[in-house]
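In what follows, chains are A, B, ... by sequence order, proteins preceding strands, each numbered from 1.
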2 protein chains.
Amino acid sequence: MAGINTVFEALSHPVRRKILALLRQGPMSAGALAEHFAISRPTLSVHFNKLKEAELVSVERQGTSLIYHLNMSVLEGALAGILDLTEQSND
Amino acid sequence: MAGINTVFEALSHPVRRKILALLRQGPMSAGALAEHFAISRPTLSVHFNKLKEAELVSVERQGTSLIYHLNMSVLEGALAGILDLTEQSND
DNA sequence: AATCTAATTAGATGGTTAGCTAAATAGAAA
DNA sequence: TTTCTATTTAGCTAACCATCTAATTAGATT
């Protein structure tokens, strides 16, 4: 399991948050995602990797394409992490 | 206003998230906060600064002490930012 | 005004990140 | 099996981040 640190670290870059926002509407290939960015594919690929390490996305091969999927449950974990900071607790 | 990038960047470091968690229970001086960490005060001070830049905290002087306050509304903004990534939208 | 306390800013260093181009891999198609 | 397409990995560089110690600032106390 990936650890909250890795997840927040992954969320800290705007390109990576945009990738997640795009994947929210459904799985997409690396190439299809790349069309939404002005940066090189290798650079984007490194961002994919950080999202994978954080388990915010998963990958599935389809022929020559790699299809990325959003992993909602880990994103919800991050949500809970912030929620923890806003809620008063008694311990 | 601080921008969502600055906020997520500020949230990406575990020390800074712990600072916020401590402030959740009420305002605290820099020194009181420092007792909860094993890192040097100057380093901690840099972390305070990033939280201030993100407007996640505000500061008020009380004699020689600087008292840090959690700014809940900005934290809620971050919450909304992640929520945006989880919710299906039609636009 | 000299000194003490609380905290910051300055300056230096080691490690990490984001970006690039070029090279390599994996699968599909000719 | 050669070639094409999609994507990644490798290798590099410039910029940035976290940390430290030393010096400075701000206010309180004597």
Side-chain angles (χ1 to χ4, degrees), chain A residues 2-23 26-71 78 81, chain B residues 2-23 26-71 78 81:
Chain A
I4 195 82
N5 268 5
T6 313
V7 173
F8 273 106
E9 182 54 46
L11 288 173
S12 74
H13 197 287
V15 163
R16 291 193 289 265
R17 288 197 305 280
K18 185 170 169 185
I19 292 169
L20 295 178
L22 288 165
L23 291 178
M28 281 175 90
S29 72
L33 284 164
E35 283 169 21
H36 293 83
F37 297 90
I39 63 181
S40 76
R41 271 146 203 258
T43 296
L44 210 47
S45 190
V46 172
H47 286 302
F48 293 153
N49 245 312
K50 303 220 158 167
L51 291 170
K52 245 192 310 185
E53 273 167 34
E55 292 171 40
L56 280 161
V57 304
S58 57
V59 190
E60 156 214 13
R61 185 174 275 281
Q62 215 165 90
T64 57
S65 293
L66 292 177
I67 312 292
Y68 285 91
H69 299 253
L70 181 59
N71 186 351
Chain B
I4 194 81
N5 267 5
T6 313
V7 173
F8 273 106
E9 181 55 46
L11 288 172
S12 74
H13 196 287
V15 163
R16 292 192 288 266
R17 288 197 305 279
K18 185 170 170 186
I19 292 169
L20 296 178
L22 288 165
L23 290 178
M28 280 173 90
S29 72
L33 284 164
E35 283 169 21
H36 294 83
F37 297 89
I39 63 181
S40 77
R41 271 146 203 259
T43 297
L44 210 47
S45 192
V46 172
H47 286 303
F48 294 151
N49 245 312
K50 302 218 159 168
L51 291 171
K52 245 191 312 184
E53 273 167 34
E55 292 171 41
L56 281 160
V57 304
S58 58
V59 191
E60 155 213 14
R61 184 175 276 282
Q62 215 165 87
T64 56
S65 293
L66 292 177
I67 312 292
Y68 284 92
H69 299 252
L70 181 58
N71 188 350

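- For the pair B/Leu33 CG and C/dT8 P, the computed distance is 10 Å after rounding to whole Å.
- One distance of note links CG of A/Leu70 with CD1 of A/Ile19; it measures 11.5 Å at 0.5 Å rounding.
- Taking atom CZ on B/Phe48 and atom C1' on C/dT8, their separation rounds to 11 Å, with Å as the unit.
- Distance alone, capped at 3.5 Å, places no donor-acceptor pair between the A/Arg16 side chain and the A/Lys18 backbone.
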Counting only pairs under 3.5 Å, give me each side-chain donor-acceptor contact of residues 48-57 of chain A, with atom names and distances, residues two or more places apart or in other chains.
none

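- In this structure, A/Ala78 and A/Val7 approach most closely via the heavy-atom pair CB-CG1, 3.9 Å.
- The distance from atom CD of B/Glu9 to atom CD of A/Glu9, rounded to the nearest 0.5 Å, is 7.0 Å.
- Which of C/dT9, C/dA7, D/dT8 sits closest to the side chain of B/Pro42 comes down to C/dT9.
- Following rounding to the nearest Å, B/Asn49 (CG) and D/dC17 (P) show an atom-to-atom distance of 13 Å.
- Atom CG in A/Leu51 sits about 15 Å away from atom C1' in D/dT8, given to the nearest Å.
- With hydrogens and angles disregarded, a donor-acceptor distance shorter than 3.5 Å links the side chain of A/Arg17 to the backbone of A/Leu11.
- Side-chain N/O atoms of A/Ser29 include none lying less than 4.0 angstrom from OP1 or OP2 on D/dA6.
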List the atom pairs, donor and acceptor, that lie under 3.5 Å between side-chain atoms in residues 28-40 of chain A and the rest of the protein, sequence neighbours left out.
residue, atom, partner, partner atom, Å
A/Ser29, OG, A/Ala32, N, 3.0
A/His36, ND1, A/Ala32, O, 3.3
A/Ser40, OG, A/Thr43, N, 3.3
A/Ser40, OG, A/Thr43, OG1, 3.0

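- Comparing the local axis fitted to the first five base pairs of the helix from C/dA1-D/dT30 to C/dA30-D/dT1 with the one fitted to its last five gives a bend of 10°, rounded to 10°.
- Atom CG in B/Leu44 sits roughly 8 Å away from atom P in C/dT8 (whole-Å rounding).
- Two residues are said to be in side-chain contact when any heavy atoms from C-beta on lie closer than 4.5 Å; B/His69 and B/Ile67 meet this criterion.
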Revision key, fill the gap. 5' to 3', nucleotides 24-30 of chain C under a 4.0 Å protein heavy-atom cut-off (B base, S sugar-phosphate only, - none) gives --SBS--
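- Taking atom CZ of residue B/Arg41 and atom C1' of nucleotide D/dA18, one finds them 18 Å apart after rounding to whole Å.
- If you measure from atom CD of A/Glu60 to atom P of D/dA6, you get 17 Å, rounded to the nearest angstrom.
- Legend: residues meeting side chain to side chain donor-acceptor pair (under 3.5 Å) with B/His13, ordered by chain and number and at least two apart, are absent.
- For D/dT5, neither phosphate oxygen OP1 nor OP2 lies less than 4.0 angstrom from any side-chain nitrogen or oxygen of A/Ser65.
- Residue B/Tyr68 places no side-chain N or O under 4.0 Å from the OP1 or OP2 atom of C/dA6.
- Nucleotide C/dT5 holds its C1' atom 14 Å from the CD atom of B/Glu35, rounded to whole Å.
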Check your understanding: Just by protein heavy atoms under 4.0 Å, how would nucleotides 12-19 of chain C read 5' to 3' in B, S and -?
Key -> -----SSB
